[in-house]
Asker: 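Take a look at this one; I'll ask things after.
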Amino acid sequence: MIRPLAIVLTSAIVGAALAGPAATAHADAEECVSYAMSEADAGILLADLACAAVTFLDCYRVFRVEYGPQLWAITACQLR
């Protein structure tokens, strides 16, 4: 009885720990947008779209389609 309970509790703790960073990843989208706008004069709508992307790669792809490969786009996407 105790062993299944321990497994469930351990799974819940590990799941919460893994979900924590993902939930805070979108908190820095404003910093990403500000960086893209100040470094490259990116449009606010495009920067907001890119920085709100779920993954780093999706964020970078949005910038790359519009501006080509850029180092500032990588930095901006890392800030989110």
Asker: Write down the atom of Ala36, the atom of Phe63, and the distance for their closest heavy-atom approach.
Answerer: CB-CZ, 3.7 Å
Asker: Quick check: is Leu79 connected to Tyr60 through a chain of hydrophobic side chains (ILVMFWY, heavy atoms under 4.5 Å apart)?
Answerer: no
Asker: Would you indicate whether Cys32 and Cys77 have their SG atoms under 2.5 Å apart?
Answerer: no
Asker: How is the hydrophobic cluster of Val33 composed, in terms of its other members, when Ile, Leu, Val, Met, Phe, Trp and Tyr link through side-chain heavy atoms under 4.5 Å apart, directly or indirectly?
Answerer: Met37, Ile44, Leu45
Asker: Kindly state each residue pair satisfying side chain to side chain donor-acceptor pair (under 3.5 Å) with at least one member in residues 37-46, sequence neighbours excluded.
Answerer: none
Asker: The criterion is side-chain contact (heavy atoms from CB on, under 4.5 Å); which residues satisfy it with Leu57, sequence neighbours excluded?
Answerer: Thr55, Arg61
Asker: Show me the donor-acceptor pairs within less than 3.5 Å that the side chains of residues 64-71 make with the rest of the protein, sequence neighbours left out.
Answerer:
from  : atom 1 : to    : atom 2 : distance (Å)
Tyr67 : OH     : Gly43 : N      : 3.3
Gln70 : OE1    : Trp72 : NE1    : 3.4
Gln70 : NE2    : Tyr67 : O      : 3.1

Asker: So, for Phe56 and Ile74, which heavy atoms are closest and what is the spacing to 0.1 Å?
Answerer: CE1-O, 3.6 Å
